[in-house]
Amino acid sequence: MTHPARREVIRVQTGVRMEKRILLVLKALAATLDLSVGDLLEGIVLHAFEGKPAFRRETREKIRALEKVYGLDLTSADSHRLVEPRKRAT
């Protein structure tokens, strides 16, 4: 089996804000797949841009288990409805 040629890219540091439990699941998943979080996110985004699923069934099962561990109960239906708590006046 031949592997496609490697593609050289320029990566940049980013300060993306993300829901805490989503990040915990991403970090844990990346660790189980022996990837960096950045590499995992790149793969997810590239698949999404092409309308392709990013994960096989086995990986989705790992994700479900990690969601339980970290209490992640958000779904895609929540994606455009997430807000941060208002800061209380002191």
Side-chain angles (χ1 to χ4, degrees):
M1 182 168 115
T2 62
H3 296 283
R6 300 260 184 206
R7 301 285 305 268
E8 194 170 295
V9 297
I10 298 171
R11 290 193 168 102
V12 296
Q13 191 67 36
T14 180
V16 175
R17 291 174 53 83
M18 185 176 294
E19 198 279 334
K20 182 179 179 178
R21 296 167 298 167
I22 293 173
L23 182 58
L24 289 170
V25 171
L26 283 172
K27 284 181 171 182
L29 180 61
T32 67
L33 299 173
D34 197 27
L35 296 170
S36 70
V37 173
D39 287 343
L40 177 61
L41 287 173
E42 284 174 345
I44 293 168
V45 169
L46 290 171
H47 280 79
F49 283 175
E50 293 185 19
K52 295 180 179 179
F55 304 110
R56 290 187 228 129
R57 182 182 51 80
E58 299 84 15
T59 306
R60 289 192 311 270
E61 290 172 2
K62 286 181 189 178
I63 293 168
R64 297 287 91 75
L66 292 168
E67 287 173 336
K68 289 179 184 175
V69 168
Y70 293 106
L72 179 57
D73 59 353
L74 300 172
T75 69
S76 59
D78 297 311
S79 67
H80 296 289
R81 301 180 352 193
L82 303 177
V83 295
E84 295 183 50
R86 291 181 184 219
K87 294 183 180 179
R88 295 182 185 175
T90 54

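Everything numeric here is computed off the predicted structure, so don't read it as measured data. In this chain, numbering begins with 1 at the start of the sequence shown.
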**Student:** Could you walk me through whether V25 and E19 satisfy the side-chain contact (heavy atoms from CB on, under 4.5 Å) test, starting with their C-alpha distance in whole Å, then the side-chain angles of each, then the deciding distance to 0.1 Å, before giving a yes or no?
**Tutor:** CA-CA 10 Å; V25 171; E19 198 279 334; over 6 Å; no
**Student:** At what distance, to the nearest 0.5 angstrom, does CZ of F55 lie from NE2 of H47?
**Tutor:**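 One gets 9.0 Å once the value is rounded to the nearest 0.5 Å.
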**Student:** Can you measure from CG (D34) to CG (L40) and round to the nearest 0.5 angstrom?
**Tutor:**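 Those atoms lie 12.0 Å apart.
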**Student:** Say whether M18 and L29 are linked into one hydrophobic cluster, either directly or through other cluster members, by side-chain heavy-atom distances under 4.5 angstrom.
**Tutor:**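 In one cluster with M18: L29, yes.
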**Student:** Check whether more than 12 heavy atoms from other residues, nucleotides or ligands sit under 6.0 Å from atom CD of E58, and answer yes or no.
**Tutor:**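 For E58, atom CD is crowded (more than 12 foreign heavy atoms under 6.0 Å).
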**Student:** According to a hydrophobic-cluster definition based on side-chain heavy atoms being under 4.5 Å apart (Ile, Leu, Val, Met, Phe, Trp, Tyr only), do L46 and I63 belong together?
**Tutor:**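 Hydrophobic grouping puts L46 apart from I63.
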**Student:** Please walk me through it: do V45 and E42 pass side-chain contact (heavy atoms from CB on, under 4.5 Å)?
**Tutor:** CA-CA 5 Å; V45 169; E42 284 174 345; 6.0 Å; no
**Student:** Mind listing the closest non-hydrogen atom pair of D73 and D78 along with its distance?
**Tutor:**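 The answer is O-OD2, 4.2 Å.
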**Student:** How long is the gap from CG on L24 to CG on L72, to the nearest 0.5 Å?
**Tutor:**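 Here the rounded value is 9.0 Å.
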**Student:** Calculate, to the nearest 0.5 Å, the distance between atoms CG and CG belonging to L26 and L66 respectively.
**Tutor:**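 The CG atom of L26 sits 10.0 Å away from the CG atom of L66.
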**Student:** Below 4.0 angstrom, N of the basic side chain to O of the carboxylate: do E61 and R57 qualify?
**Tutor:**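 Result for this pair is yes, salt bridge flagged.
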**Student:** So does R64 pair up with E67, basic N to acidic O under 4.0 Å?
**Tutor:**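 Yes, charged N to carboxylate O under 4.0 Å.
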**Student:** Checking side-chain contact (heavy atoms from CB on, under 4.5 Å) for the pair K27/L23: CA distance, chi angles, key distance, verdict?
**Tutor:** CA-CA 6 Å; K27 284 181 171 182; L23 182 58; 4.0 Å; yes
**Student:** Measure the CG-CD1 distance between L82 and I22 for me, rounded to the nearest 0.5 Å.
**Tutor:**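 Result: 6.5 Å between the selected atoms.
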